[in-house]
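Heads up: the structure comes next, in structure tokens.
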Amino acid sequence: MDGQIYTMEYYLVRKVTKPVNELSTSDWPRLTGMTVSDNKIYITYYLTDETKKPSVTRYINKAYVAVYSYPELEYITTMEDERAAIAGSWNAYNGIFQTESGNMYTFSNTSIANGFTENSTKKAAFLHIPKGTTQFDDYYFDVETAARGLKPVHLQYLGNGKFFAQVSTLQSEEMTRWADKELKACIIDVKEKTVKDNGIRKLPSVISH
């Protein structure tokens, strides 16, 4: 090290107000992921009823992706898919990932341990969005079944279709809200649709709620 101190400065170029979706007065969107692909920005989110304390998760059994033009940030459409539950989870930013080709995968973990008020009836799963499109294709990966009934809770994309994942070793009925604990490490391959245990167990959560 040369002993110098380096700083980074950020500037707000412009502020743009755009709706995520047509929402009722009680529904509040919580963003779970964001990526830019082919001049479009894709945002995964879910809705909560903030008139209840604690807040209540709404419409849990469907994945949502809002799409905007980029850099104009003009609203294009909202994608929905009922094959999977809410994409991503609170404060984990694990809802959508872009691969080297510009194609995208959404991830739904459906776990009450990640802050939802209930477990979804859907399995934890990946869906696929081809580069530049505004529709899911027919790809579906039931990652929960591949993990022998366990739910991934946190992900990091490694490249070539592989993810490092923290997977809960608890069954759904053993989980409690905000308690993503008893984790193990796995490698998820969304191309081959496999989950491999890498032998590391009892990991602490990477996310502090």
Side-chain angles (χ1 to χ4, degrees), residues 20-24 26-35 42-50 52 54-67 77-98 103-129 134-157 163 165-183 186 188 190 193 195 205 207 209:
V20 172
N21 198 353
E22 294 296 328
L23 309 177
S24 73
S26 62
D27 291 336
W28 186 264
R30 294 184 179 271
L31 307 187
T32 63
M34 182 184 303
T35 191
Y42 297 79
I43 301 173
T44 53
Y45 69 98
Y46 68 96
L47 302 174
T48 59
D49 183 349
E50 295 298 321
K52 308 284 195 309
S55 61
V56 174
T57 311
R58 303 268 284 164
Y59 319 114
I60 194 169
N61 286 315
K62 186 184 293 186
Y64 302 91
V65 182
V67 185
T77 189
T78 297
M79 303 165 54
E80 300 181 4
D81 199 304
E82 294 184 349
R83 291 176 297 167
I86 290 167
S89 54
W90 186 84
N91 206 34
Y93 304 103
N94 56 1
I96 190 166
F97 299 89
Q98 183 177 168
N103 295 336
M104 293 155 283
Y105 290 91
T106 62
F107 168 64
S108 304
N109 69 359
T110 72
S111 173
I112 193 173
N114 283 82
F116 303 133
T117 50
E118 59 181 308
N119 282 315
S120 169
T121 58
K122 307 293 176 67
K123 295 290 185 67
F126 287 88
L127 302 179
H128 183 258
I129 306 170
T134 56
Q135 290 184 329
F136 293 98
D137 62 15
D138 60 0
Y139 174 93
Y140 176 81
F141 176 23
D142 176 357
V143 66
E144 185 172 335
T145 297
R148 297 182 294 278
L150 302 180
K151 295 179 183 291
V153 291
H154 303 297
L155 298 176
Q156 179 66 48
Y157 185 61
F163 290 82
Q166 290 183 306
V167 178
S168 175
T169 59
L170 301 176
Q171 297 297 318
S172 293
E173 60 272 13
E174 299 175 300
M175 295 178 178
T176 55
R177 195 178 188 191
W178 306 118
D180 46 354
K181 57 187 178 181
E182 301 296 327
L183 307 177
C186 290
I188 298 174
V190 292
K193 296 185 177 180
V195 179
S205 172
I207 301 296
H209 294 302

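Values below: all heavy atoms of this structure, side chains included; hydrogens, waters and symmetry mates excluded.
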### Query
Sequence neighbours excluded, which residues qualify as salt bridge (Lys or Arg N to Asp or Glu O under 4.0 Å) partners of K62?
E80, E82
### Set of residues satisfying side chain to side chain contact (heavy atoms under 4.5 Å, CB included) with respect to Y93, sequence neighbours excluded
N91
### Message
If the condition is side chain to side chain contact (heavy atoms under 4.5 Å, CB included), which residues does D81 pass it with, not counting sequence neighbours?
### Response
R83, L127, F136
### Distance in Å, M79 CE paired with Y42 OH, rounded so as to fall on 0.5 Å steps
7.0 Å
### Task
Look up atom CZ in F126 and atom CD1 in I188, then write down how far apart they are to the nearest 0.5 Å.
4.5 Å
Give me the atom names and distance for the closest heavy-atom approach of [X] to [Y].
{"X": "M34", "Y": "I96", "value": "N-CG2, 3.5 Å"}
{"X": "I129", "Y": "V65", "value": "CD1-CG2, 4.4 Å"}
{"X": "P152", "Y": "N109", "value": "O-CB, 3.1 Å"}
{"X": "A124", "Y": "E144", "value": "N-OE1, 2.9 Å"}
{"X": "S89", "Y": "Y46", "value": "C-CE2, 4.4 Å"}
{"X": "P29", "Y": "L47", "value": "CA-CD2, 3.8 Å"}

Output all residues satisfying side chain to side chain donor-acceptor pair (under 3.5 Å) with [X], sequence neighbours left out; order by chain, then residue number.
{"X": "D142", "answer": "T145"}
{"X": "T32", "answer": "T44"}
{"X": "Y157", "answer": "E100"}

### Query
When the ring planes of Y139 and Y105 are compared, do they come out parallel, tilted or perpendicular, using 30° and 60° as the limits?
perpendicular
#### Entry: is_close_aromatic(F107, F163), centroid dist under 6.0 Å
no
### side chain to side chain contact (heavy atoms under 4.5 Å, CB included) between F97 and V190, intermediate numbers included
CA-CA 11 Å; F97 299 89; V190 292; over 6 Å; no
### K122 side chain to N61 backbone, donor-acceptor under 3.5 Å
yes
### Query
Just by distance, do the side chain of S108 and the backbone of I86 share a donor-acceptor pair under 3.5 Å?
yes
### Task
Check the pair Y45, Y64 against ring-ring contact (aromatic ring centres under 6.0 Å, His included), reporting the backbone distance first and the verdict last.
CA-CA 6 Å; Y45 69 98; Y64 302 91; 5.7 Å; yes
